[in-house]
There are 4 protein chains.
Amino acid sequence: MRKIRMGMVGGGRGAFIGAVHRIAAAIDQQIELVCGAFSSTPEKSKLSGQDFFLPEERCYANYEEMILTEKTLPEGERMDFVAIVTPNHMHFAPAKMALENGFHVLSDKPACFNTEQAEELEGIVAETGLLYGLTHNYTGYPLVKQAKKMIEEGKLGKIRKVIVEYPQGWLATKLEDTDQQQAAWRTDPTKSGAAGCVGDIGTHAENLAEYITGLKIQELAADITAFVDGRLLDDDANVLLRFDNGAKGVLTASQISVGEENNHNIRIYGEKGGLEWRQQEPNTMIVKWLEDPVQVYRTGMGYLCDEAAAATRTPAGHPEGYLEAFANIYLNFVSQIREFQAGNKEIKFDYPTISDGVRGMKFIDAVVGSSKNNAAWTAL
Amino acid sequence: MRKIRMGMVGGGRGAFIGAVHRIAAAIDQQIELVCGAFSSTPEKSKLSGQDFFLPEERCYANYEEMILTEKTLPEGERMDFVAIVTPNHMHFAPAKMALENGFHVLSDKPACFNTEQAEELEGIVAETGLLYGLTHNYTGYPLVKQAKKMIEEGKLGKIRKVIVEYPQGWLATKLEDTDQQQAAWRTDPTKSGAAGCVGDIGTHAENLAEYITGLKIQELAADITAFVDGRLLDDDANVLLRFDNGAKGVLTASQISVGEENNHNIRIYGEKGGLEWRQQEPNTMIVKWLEDPVQVYRTGMGYLCDEAAAATRTPAGHPEGYLEAFANIYLNFVSQIREFQAGNKEIKFDYPTISDGVRGMKFIDAVVGSSKNNAAWTAL
Amino acid sequence: MRKIRMGMVGGGRGAFIGAVHRIAAAIDQQIELVCGAFSSTPEKSKLSGQDFFLPEERCYANYEEMILTEKTLPEGERMDFVAIVTPNHMHFAPAKMALENGFHVLSDKPACFNTEQAEELEGIVAETGLLYGLTHNYTGYPLVKQAKKMIEEGKLGKIRKVIVEYPQGWLATKLEDTDQQQAAWRTDPTKSGAAGCVGDIGTHAENLAEYITGLKIQELAADITAFVDGRLLDDDANVLLRFDNGAKGVLTASQISVGEENNHNIRIYGEKGGLEWRQQEPNTMIVKWLEDPVQVYRTGMGYLCDEAAAATRTPAGHPEGYLEAFANIYLNFVSQIREFQAGNKEIKFDYPTISDGVRGMKFIDAVVGSSKNNAAWTAL
Amino acid sequence: MRKIRMGMVGGGRGAFIGAVHRIAAAIDQQIELVCGAFSSTPEKSKLSGQDFFLPEERCYANYEEMILTEKTLPEGERMDFVAIVTPNHMHFAPAKMALENGFHVLSDKPACFNTEQAEELEGIVAETGLLYGLTHNYTGYPLVKQAKKMIEEGKLGKIRKVIVEYPQGWLATKLEDTDQQQAAWRTDPTKSGAAGCVGDIGTHAENLAEYITGLKIQELAADITAFVDGRLLDDDANVLLRFDNGAKGVLTASQISVGEENNHNIRIYGEKGGLEWRQQEPNTMIVKWLEDPVQVYRTGMGYLCDEAAAATRTPAGHPEGYLEAFANIYLNFVSQIREFQAGNKEIKFDYPTISDGVRGMKFIDAVVGSSKNNAAWTAL
């Protein structure tokens, strides 16, 4: 047994999500960062590689060079998979090239710049038979897995209502006019895609709701807004939802909700029970019943399901958080790579895949389309 | 000086909201219950009157008798105002008759059975010059008054987003098929009106949002549902909002949200700040800022505005609740009666009036109408 | 049936707790304030009486006049009981005189100025056979009654540990040097007694712990402090507890805990479960188990015991608070008066009595004595 | 630049804290695990090493072999420091030997089996001039650093009162009679030392209180108990504290508080303000003021001090937890090793040292001694 070897595209100095990916990959000590094309310029890429103690020859000038060169290295030395942590418009090309050259791919979300790309990628994944994971990291939380399991088992009865919210406040002012790199590309239609807030965090909300409930959003009616003067993409979205089982719901995503940090949360109500989970206090889930007292489910407790237990590293009361949930995506993805390397093609581990990616892109299309149509119901 | 004298219509044995009104009227010791037509049968009305230590002759067989008889009593002995605590379909007639016979009216909400009635009542109030109050009791909370004041003063900047929710779970099963009297009339279109949940609690949500923000809902897109099989009126509503200043929002009301008690809450975001208030913990309001730490405003503290201070009876940390907030409506209403009796017609005290009542009825119409039109935007 | 008639000693303009008592007496509409000796001067007493719409002749110059005059009135017109809401040093004399003249007494806490008085009063209560209640109002909360019941029924198993806290911050500065009347007498040994904070709020903590657990504090080791320069009585207390069943505990009371309002709370742990209740959010109680999820008990829910249900006026989610809990003491006390008037001497209703009062005074003695002895264990 | 190389003593299969240390070491990607003596038997040590992908020759039979063999390897290949993650009775010997052979030491807490050992170790650290860190990991949290800084800067004024609690419930039954390895050694006087709960978690509480306040506990009065029948060491402690500046306080530690997970928390009150922090929700700190609204400080916000900012990896709202706080100890320790390797002896990074270790052992002695003396005040 050896560690699984990761190459990274993007995530050099000044980036945000690249560092998160590296920590997530490091936590469980199953993955080794062996190479990268960390930046848009070869010089910055090398400097970033030094930060990670990489040998100079494996800090590549660009992802093309990385993929082609690594391909020439012997198995066990060359990277096993590529982590893509660039802005949205640069997800597709390296993912496609990596897959076509025999490397598994773990990509940041949303999967691509548009639905067309995502569908093409879905085809490539199918053709190559390689693994593709997408870091909808909020599904990595233990209590999210517990919620999913309880609903699967019918504990809440038939689901009637879902309220999923993702409020942030960091774009309440025109931050893209400062030198804030994260704000700049997220509000730029040439980099972010058809949507701003909806693509960046709305897709997380869509994914979380469908992941936990096992339902599909059938149609939606969306009212999106760019509140900040001169902003080119939406910074706020209010969306009515109808699910395929008849459940109704509301999805909100916002980056102008002043004072909100990263307050992703979901409430689900069935015929027999309800549950509530909030990402900022992720180790607590409130479970509600028709007549019995509300229960407080907590990460690490013995009554949780196996899937939740497997997603935790410490006993109850030792709070795990965002990075550990993110690490759970990585851990499951590389566990699946080990299966692949052992010749098993069956998906045994739980991580978001290209079909989640396609779904997310279609969600963006539906929201943007509905809103242009004055919130007309739009199928997803 | 003497206590203000109240006659009550409805609220006999087995009723819910009548008892709440009597407690609210009692708390500040400014009001004396002197008579009532408490029930649909004279016998039950008498029995109920005994519970309140009333003399038999002032426990009337019906509201008509009460109004006509009391009118014959001398000022200072006869009732000063009528409190109407019957189901929705019996608000209008006693209100109209009371006003037309010279009595002020304090009515439970929604104001009437339909908008037509409410508009007629608005005319009668204007003609008679008498006082009409409506118990949108949630506006009676000190921190709701603080929220209103802070927004008026511009502390949050221009308002961009409002999320107002009113989830309950008590009608998640077909409670109206049991002998639960509260469920029975609320789900009966002949007693409740055009809407169920939307009329019962949705109107509170609409009123709270407009009260605090000072904005008007300009149009809305609503998706309402009767989830419980065989239920005749909506038990759940999801509504997109657009306000007259360009703000957007979401209003949800639900009586099938299993495990929710009476979880009315509101979050408001402006350009400079945000705030959050939850009725179940009403002495706490979260105030959010662009860069500074979140603040926790608490009932009874010295930094609150005069309106909030006037709505509290005890120092900070001595929780006041639903009944005290309800009492604040009563206290302000009878303080206004004292003004009236002293010859001052100017409204000096803050309580919901017939215009709130008309607005609530139009809100019901808009929601029901929009939903019938598949959530088409509908003006309010 | 008629309302029970109350006379009040103290509680005139500028007082705090008198107004609380009047609201508590009013809430359930079973009690009528018929007379009072509201202040130390006849003039102020009359003025205060006007605020309560009392006839001038029943606003007495002092409690002696009130008791002697009321005694001459016919039953049904004269007061039924005396509510004593003066500072500590003026509890004993009116209570003694009222009882000796045939009036029941409901007194604010602590019962007296010192233990000697309390024990004398206990004798008088026994001799006269009249009713004496003490407003340890925190025992009036529904969930406090639920907690008591669950422990009685053995739900938590044998109790091992109790942590009871009562932090406030309002005396963190030398407020008694301003014209703050509440601070002045509470920090004055000639009015407050042997203790400041310990008498004012420490006794509530002692009473709550013993009430809920059904245990008695057997001995304690106390370290009390006057942190504010020049203050004559303690403003902070840390106390180790040993209970009569072998349980251990900690009691803290403080009036210099900056930023704390009235944060009375208790946590109790038995062999099988634990519970936690906080006065500032009194409608929630956390119940903890060895292996099962934590439960959240809520006021007004159907699963509560009869005693808790009887102490609530509204359905779950309609927060009741300090005043309603206080009203529960009043309601139970006057319900017992009705029993008395019907000839039944057996105590059927739950309210604190003179034996709680004596116990509170002994607690003060033990804490002050232990602290003088450098926290030596002192029996209670 | 290269990664810092770690050897580990203890932490093989079945251990708890060893895995925590390895994750903490991995998170920031500055440390490489290069060797270990993971278990009491050579076979288990080898097997454990495989789990970590170590070459067989660096999975040593015991710590002696590890230290002596590694010493022979060239700098840059041999380990730089030893992490000691064994039970208490096996901290001293490997620490002493590692230091005497030129290796820095990062040890789990408490530092040693008894004070004598800790003082001897303090001497060895001084003599060798090598670095010694102790994983009082709760000081690694960003908001703990913020709290310390605010008090240092006088924001709260002179400190008057400290309440520090560490309740757990996992030893509420006789778990040591099952095969639970963690319970077994912690309740065994030959492995744990003079105290059970007090050593295991009481020392964390002592350390946290002194770390944040900058004060020293001058004397204490302790009442410790073994509530579970047949248990050989304390499982509960209640302690009165007196600090060197005149502040008073209470420290409780418990492992029989049913339903508590790992609820370490602290409240501190000064003349001008107070603060409250709870380990289970570590990204929130409540800050209290004399008159202004309570503030909620949150990890990752721009208003935090540099020390808090440096201890965070993600923006606000991305919860970091126990493992990240633990990693902060590791990161600071190895940053100091880099300084050492660069020839700088001055301590520039913040991590607990041998003097904290000695203090913790003296705290255990004082608590056990005081309790044997019936809670007599005992100097620390």
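To find a chain, count down the sequence lines: A is the first, B the second, and so on, and within it residues start at 1.
- For the set D:Ala26, D:Ala325, D:Ala316, the count of heavy-atom pairs under 4.5 angstrom toward chain A peaks at D:Ala316.
- Between A:Ile27 and D:Ile27, the shortest heavy-atom distance links the atoms CG1-CG1, 3.7 Å.
- The candidate with the highest count of non-hydrogen atom pairs below 4.5 Å against chain A, out of D:Gly321, D:Gly300, D:Pro319, is D:Pro319.
- The candidate from A:Phe16, A:Phe52, A:Phe53 with the greatest count of non-hydrogen atom pairs under 4.5 Å with chain D is A:Phe53.
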Inter-chain donor/acceptor N,O pairs below 3.5 Å: chain A to chain D:
{"unit_1": "A:Glu261", "atom_1": "OE1", "unit_2": "D:Arg298", "atom_2": "NE", "d": "3.1"}
{"unit_1": "A:Glu261", "atom_1": "OE1", "unit_2": "D:Arg298", "atom_2": "NH2", "d": "2.8"}
{"unit_1": "A:Glu261", "atom_1": "OE1", "unit_2": "D:Gly317", "atom_2": "N", "d": "3.1"}
{"unit_1": "A:Glu261", "atom_1": "OE2", "unit_2": "D:Arg298", "atom_2": "NE", "d": "3.0"}
{"unit_1": "A:Asn262", "atom_1": "ND2", "unit_2": "D:His318", "atom_2": "NE2", "d": "3.4"}
{"unit_1": "A:Gln279", "atom_1": "NE2", "unit_2": "D:Gly317", "atom_2": "O", "d": "2.9"}
{"unit_1": "A:Arg298", "atom_1": "NE", "unit_2": "D:Glu261", "atom_2": "OE1", "d": "3.0"}
{"unit_1": "A:Arg298", "atom_1": "NE", "unit_2": "D:Glu261", "atom_2": "OE2", "d": "3.1"}
{"unit_1": "A:Arg298", "atom_1": "NH2", "unit_2": "D:Glu261", "atom_2": "OE1", "d": "2.8"}
{"unit_1": "A:Gly317", "atom_1": "N", "unit_2": "D:Glu261", "atom_2": "OE1", "d": "3.1"}
{"unit_1": "A:Gly317", "atom_1": "O", "unit_2": "D:Gln279", "atom_2": "NE2", "d": "2.9"}
{"unit_1": "A:His318", "atom_1": "NE2", "unit_2": "D:Asn262", "atom_2": "ND2", "d": "3.4"}
{"unit_1": "A:Pro319", "atom_1": "O", "unit_2": "D:Tyr322", "atom_2": "N", "d": "2.8"}
{"unit_1": "A:Tyr322", "atom_1": "N", "unit_2": "D:Pro319", "atom_2": "O", "d": "2.8"}

